[in-house]
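The structure under discussion appears below in the form of structure tokens.
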Amino acid sequence: MKTTLLATSAAFAFVCSYFFNLAMENSEQYLAVVAVIFMDGFFGVIAGTKREGFKTYKAVRILKTLVAWIITLTALIMVEAGFKGTSWLSETILIPLIVFQVISALKNAEQAGFIKNEALTAILDKIDKHKEKYRDWE
């Protein structure tokens, strides 16, 4: 029993230390993802509250989105570390997603009343027309 407990705790410590080191070596990427998600979520909650009142399930979606992005980033960084020549992977996959998340944050900030810009409104209207085609997928 004692050997099993020691082996289990050693394995758990190894896994935790691996992910801790992974996060510390790539802390800028993790912090960027967290900042963008929370920025979009902050403005989204305020804009949603102004439109239709506070919805708890929509606020919880921020945490679900954050967890999904963190898991995705972790998997991509692990693949990059494990296979030579794949150092481009996280940037290629995550940068477009981060750009769309920033656009969403700008849209939410504009709808919440933090940004007053006619050019931004025109651009966002064009993006929203494009998004309507894919709204059934959600």
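Keep in mind it's a predicted model, so treat the numbers as computed, not measured.
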Residues 9-16, side-chain donor-acceptor partners within the protein, below 3.5 Å, at least two apart:
| unit_1 | atom_1 | unit_2 | atom_2 | d |
| --- | --- | --- | --- | --- |
| Ser9 | OG | Leu5 | O | 3.1 |
| Ser9 | OG | Leu6 | O | 3.0 |

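Rounding to the nearest 0.5 Å places CZ of Phe100 at 13.0 Å from NZ of Lys107. To the nearest 0.5 Å, atom OG1 of residue Thr65 and atom CD1 of residue Ile70 are 11.5 Å apart. Between atom CG of residue Leu94 and atom CG of residue Leu73 there is a gap of 5.5 Å, rounded to the nearest 0.5 Å.
Although no hydrogens or angles enter the test, the distance criterion places a donor-acceptor pair under 3.5 Å between the side chain of Thr72 and the main chain of Ala68.
Val45 approaches Thr49 most closely through the heavy-atom pair O-OG1, 2.6 Å. When all heavy atoms are compared, the tightest approach of Gly41 to Ile62 is CA-CD1, 3.4 Å. Nearest approach of Ala105 to Met39, heavy atoms of both residues: CB-CE, 3.7 Å. Nearest heavy-atom pair across Ser87 and Glu80 is O-OE2, 3.3 Å.
Taking hydrophobic clusters as Ile, Leu, Val, Met, Phe, Trp and Tyr residues chained together by side-chain heavy-atom distances below 4.5 Å, Leu76 does not share a cluster with Leu31.
With sequence neighbours left out, the side chain to side chain contact (heavy atoms under 4.5 Å, CB included) criterion links Val67 to Ile71. Val36 is linked by a side chain to side chain contact (heavy atoms under 4.5 Å, CB included) to Ile98, Gln101, Val102, counting only residues two or more places apart in sequence or in another chain. With sequence neighbours excluded, the residues satisfying side-chain hydrogen bond (donor to acceptor under 3.5 Å, both in side chains) with Asn108 are Asp40. Every residue meeting the ring-ring contact (aromatic ring centres under 6.0 Å, His included) condition with Phe114, not counting sequence neighbours, appears here in chain and number order: Phe43.
Residue pairs meeting the side chain to side chain donor-acceptor pair (under 3.5 Å) criterion with at least one partner in residues 19-37, sequence neighbours excluded, are Tyr30-Thr74. The ring-ring contact (aromatic ring centres under 6.0 Å, His included) pairs that include a residue from residues 68-97 number zero, where partners must be two or more places apart or lie in different chains.
Taking Ile, Leu, Val, Met, Phe, Trp and Tyr as hydrophobic and joining them when side-chain heavy atoms fall under 4.5 Å apart, one finds Phe20 in a cluster with Met24.
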